[in-house]
Number of protein chains: 2
Amino acid sequence: MNRTTQTKRTTIYDLAELAGTSASAVSAVLNGNWKKRRISARLAEKITKLAEEQGYALNMQASVLRRDRSKIIGMIVPKYDNRYFGSIVEQFETLARERGLFPIITCTRRDPALELEAARAMLSYQVDCLIATGATDPDRVMALCAAAGVRTINLDLPGARAPSVISDNYGGALELTRRVLANCEKEYGQKTPLLFVGGRGTDHNTLERVRGFRDAHAEAGVAIDETLVLTCGYAPEKAENAMKQLAEQTSDLPRGMFVNSTISLEGVMRWIRRSGRYADRVPQLGCFDWDPFVAMLGDHIEMVRQDVPKMLEAVFDIIESGATGPTVVQIPPIVENTG
Amino acid sequence: MNRTTQTKRTTIYDLAELAGTSASAVSAVLNGNWKKRRISARLAEKITKLAEEQGYALNMQASVLRRDRSKIIGMIVPKYDNRYFGSIVEQFETLARERGLFPIITCTRRDPALELEAARAMLSYQVDCLIATGATDPDRVMALCAAAGVRTINLDLPGARAPSVISDNYGGALELTRRVLANCEKEYGQKTPLLFVGGRGTDHNTLERVRGFRDAHAEAGVAIDETLVLTCGYAPEKAENAMKQLAEQTSDLPRGMFVNSTISLEGVMRWIRRSGRYADRVPQLGCFDWDPFVAMLGDHIEMVRQDVPKMLEAVFDIIESGATGPTVVQIPPIVENTG
DNA sequence: CACGTGTGCTCAATCGATGAAGCAAGAATT
DNA sequence: AATTCTTGCTTCATCGATTGAGCACACGTG
């Protein structure tokens, strides 16, 4: 027993032989519906004990192959490099497991081709449902899954043909912009337009945030400076480059900024430090997304934190309700208190 | 075709019928060894085209059930709330996919019971290999897998009975402590013992780091203050509490500290800000782990960044070499330049 | 005592893919 | 012309779990 690499794992047939009964009785006992199948408590106990002793583990591949539902639930996620997606994944796993589902997650690195490839892989593994988080092209993912009869739910970024759960990007951006404008006025006594940096000009969230950004300016009676709306992408390097180019074109840099994610903020902060252009007076910042260390960077930064627990509850509510229409659930984000 | 929820997915049997051939020919063509099975290029092409048209997707459950190796590779990971584990997971997925393996990952939240449960689930899904990252009890995970004939590799924290890939914790801590001691001397002109905070007194990494911490003190001729070695756990709250308790016992707080992870640093920084006890002069900090925003917190923080790409390459080297002995591969971490 | 009812199980088909074994027809060799 | 070889397939058992159908026996009932 010690040195033998027991190539064969224990199966229900092995247990059946040991118990002097049939495989179907073993199966019924081990998957819990032995009462429905009229197996005696005596036999059930015997089999359970044997399974324990033999270290029996169900072969999910065989089980899933036979059943109609796999109870596997997939998620694709863009990155693991920030707290937002990190907590989405962690919550997702927890909630899935609580419901007896097995979660599988793939990181698609904001690459549309990888998104489709990952979706295809998940279909091969017979997922019952796929959550497309922050997908670049949610509708193509949805189409792929629909062809296989698998439901999709969009998270973070909405799609046109499946239910979506997203943050209230407009509302969050409106409030965040208001605060940064107020901070600018308080600190510098002037009402000047802010910079918007990060995100993609094509994605729904960025568009909505820009809309909130604009409306907050209008509300405050400040005219937008169109050259200050830089939807350059999310990556730190892209934000850093955008700042650099802007700085080359003007000597009068904005006194406040709206940064469209912590990951973009990383680039922005790097540029600020390296360039020294804000050495005299720090810019007032607003960041759409939360990070504990960003909160410690100073009292000149406001943050909006997306409500991940509520968002994921909404996702599982949709799964349980069985809804498939293109509804959009908007979850209000939390505006963090400074300090 | 439009409105019908095509319950049945296309199988090789459907394709066989459409192509007027046998399922085994279809199988051979689609899994690429049709040459070995002497299928004509003509038929191969026909089948491939048909599969494309029909949107055929392999049923992995069936395929894995039949094959000896599943090509599924599992990983358990403690948390997604920091850059270190985030990049481990992202790299792991990439390297696994490059090798034609399907990665499945589970977050076990530093909970030994969850670790075992997750390992059991992965065994049910027939993983060929399991990577136990930062496992609280790697040897029990290993035992469980060994009973099923599945190899394990430990990552980040070593185990006694399977190969392990870890950082050179001693070396990293030695260098980090040296730097913080030097910074303290430069800033405050005094050689005083540092505080060590975070981590578990029972885990290998923490023990090794404390050893490096001690040796760096000895080297500098500074006596360790044993009341300043606080291996209180990793969670931010635990670090915060440890600081609080320490502060209640002394009026003379250490001028420098070694913080044993970014996540512990979060609690330490929170306490520093809230208590105001360091308002007059900031403590010199060293953090064993890297975070971009921590780097921006000021020039009084040194960081050690674990070399995730090298660590994962080492993991896959071990997988490919087939080694199973209890070797420990130590990867030197990178000491980040301040500024 | 014939008949229904309930209990406790077993049998065998099935899920979809895989691959060893084998078969038929044509090509090459003796 | 008889034989081997080669090519290009097909047949069928198999992986392990699930489940509808069915069998044998005990018990109760009119």
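Quantities reported herein were computed from a predicted structural model and do not represent experimental measurements.
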(request) Write down the distance between CG (A/L30) and P (D/dT18), rounded to a whole number of angstrom. (result) 8 Å
(request) Drop me the distance from B/L123's CG to A/M60's CE, to the nearest 0.5 angstrom. (result) 11.5 Å
Which side-chain N or O atoms in residues 140-155 of chain B pair as donor and acceptor under 3.5 Å with protein atoms at least two apart or in another chain?
| unit_1 | atom_1 | unit_2 | atom_2 | d |
| --- | --- | --- | --- | --- |
| B/R151 | NH1 | B/I319 | O | 3.0 |
| B/R151 | NH2 | B/I318 | O | 3.4 |
| B/R151 | NH2 | B/A323 | O | 2.8 |
| B/N154 | ND2 | B/S164 | OG | 3.4 |

Going by atom type alone, with no hydrogens or angles, which donor-acceptor pairs under 3.5 Å involve a side-chain atom of residues 74-89 of chain B and a protein atom two or more places apart or on another chain?
| unit_1 | atom_1 | unit_2 | atom_2 | d |
| --- | --- | --- | --- | --- |
| B/K79 | NZ | A/E90 | OE2 | 2.7 |
| B/Y80 | OH | A/E93 | OE2 | 2.9 |
| B/N82 | OD1 | B/Y84 | N | 3.1 |
| B/N82 | OD1 | B/F85 | N | 3.0 |
| B/R83 | NE | A/D81 | O | 3.0 |
| B/R83 | NH2 | A/D81 | O | 3.3 |
| B/R83 | NH2 | A/E266 | OE1 | 2.7 |
| B/Y84 | OH | B/D156 | OD1 | 2.7 |
| B/Y84 | OH | B/Q306 | OE1 | 3.1 |
| B/S87 | OG | B/R83 | O | 3.0 |
| B/S87 | OG | B/Y84 | O | 3.1 |

(request) Kindly check if the number of other-residue, nucleotide or ligand heavy atoms within 6.0 Å of CD (A/E52) is above 12? (result) no
Show each protein N/O and nucleotides 25-27 of chain D N/O combination with a separation under 3.5 Å, one pair to a line.
none

(request) Could I get the full list of salt bridge (Lys or Arg N to Asp or Glu O under 4.0 Å) partners for A/E320, not counting sequence neighbours? (result) A/R99
(message) Show me the pairs that pass salt bridge (charged side-chain N to carboxylate O under 4.0 Å, His left out) and involve residues 106-116 of chain B, at least two apart or across chains.
(response) none
(request) Would you mind classifying the nucleic acid contact of A/L58 as base, sugar-phosphate or nothing, using non-hydrogen atoms under 4.0 angstrom? (result) sugar-phosphate
(message) According to salt bridge (charged side-chain N to carboxylate O under 4.0 Å, His left out), does anything in residues 118-130 of chain B pair up with another residue at least two apart or in another chain? List the pairs.
(response) B/R69-B/D128
(message) Within residues 12-27 of chain A, which residues have any heavy atom lying less than 4.0 Å from an atom of DNA chain C?
(response) A/T21, A/S22, A/S24, A/A25
(message) More than 12 heavy atoms of other residues, nucleotides or ligands under 6.0 Å from CD of A/E45: yes or no?
(response) no
(request) Supply the atom-to-atom distance B/M122 CE to B/I105 CD1, rounded to the nearest 0.5 angstrom. (result) 7.5 Å
(request) With a 4.0 Å heavy-atom cut-off, tell me which residues in residues 67-74 of chain B come close to DNA chain C, sorted by residue number. (result) none
(request) Name every residue in residues 33-45 of chain A that has at least one heavy atom under 4.0 Å from any atom of DNA chain C, in order of residue number, or write none if there are no such residues. (result) A/R37, A/R38, A/I39, A/S40, A/L43
Validation: residues 17-31 of chain B side-chain donor-acceptor distances under 3.5 Å, sequence neighbours left out:
| unit_1 | atom_1 | unit_2 | atom_2 | d |
| --- | --- | --- | --- | --- |
| B/S22 | OG | B/A25 | N | 3.3 |
| B/N31 | OD1 | B/N33 | N | 3.4 |
| B/N31 | ND2 | B/S27 | O | 3.3 |

(message) Checking A/F102 now: which residues fulfil ring-ring contact (aromatic ring centres under 6.0 Å, His included) with it, not counting sequence neighbours?
(response) B/Y125
(message) Rounded to whole Å, please give me the gap between OH in B/Y125 and P in D/dA17.
(response) 14 Å
(request) Would you kindly give the CZ-to-P distance between A/R66 and C/dA12, to the nearest whole Å? (result) 16 Å
(message) Strictly by ring-ring contact (aromatic ring centres under 6.0 Å, His included), give each pair with a member in residues 35-70 of chain B just once, sequence neighbours left out.
(response) none
(request) Calculate, to the nearest 0.5 Å, the distance between atoms CD1 and CD belonging to A/I331 and A/E313 respectively. (result) 8.5 Å
(message) Just the rounded figure in Å: distance from C1' of C/dC15 to CD of A/Q126.
(response) 10 Å
(request) Compare side-chain N and O positions of A/N31 against OP1 and OP2 of D/dA17 and report whether any pair is under 4.0 Å apart. (result) no
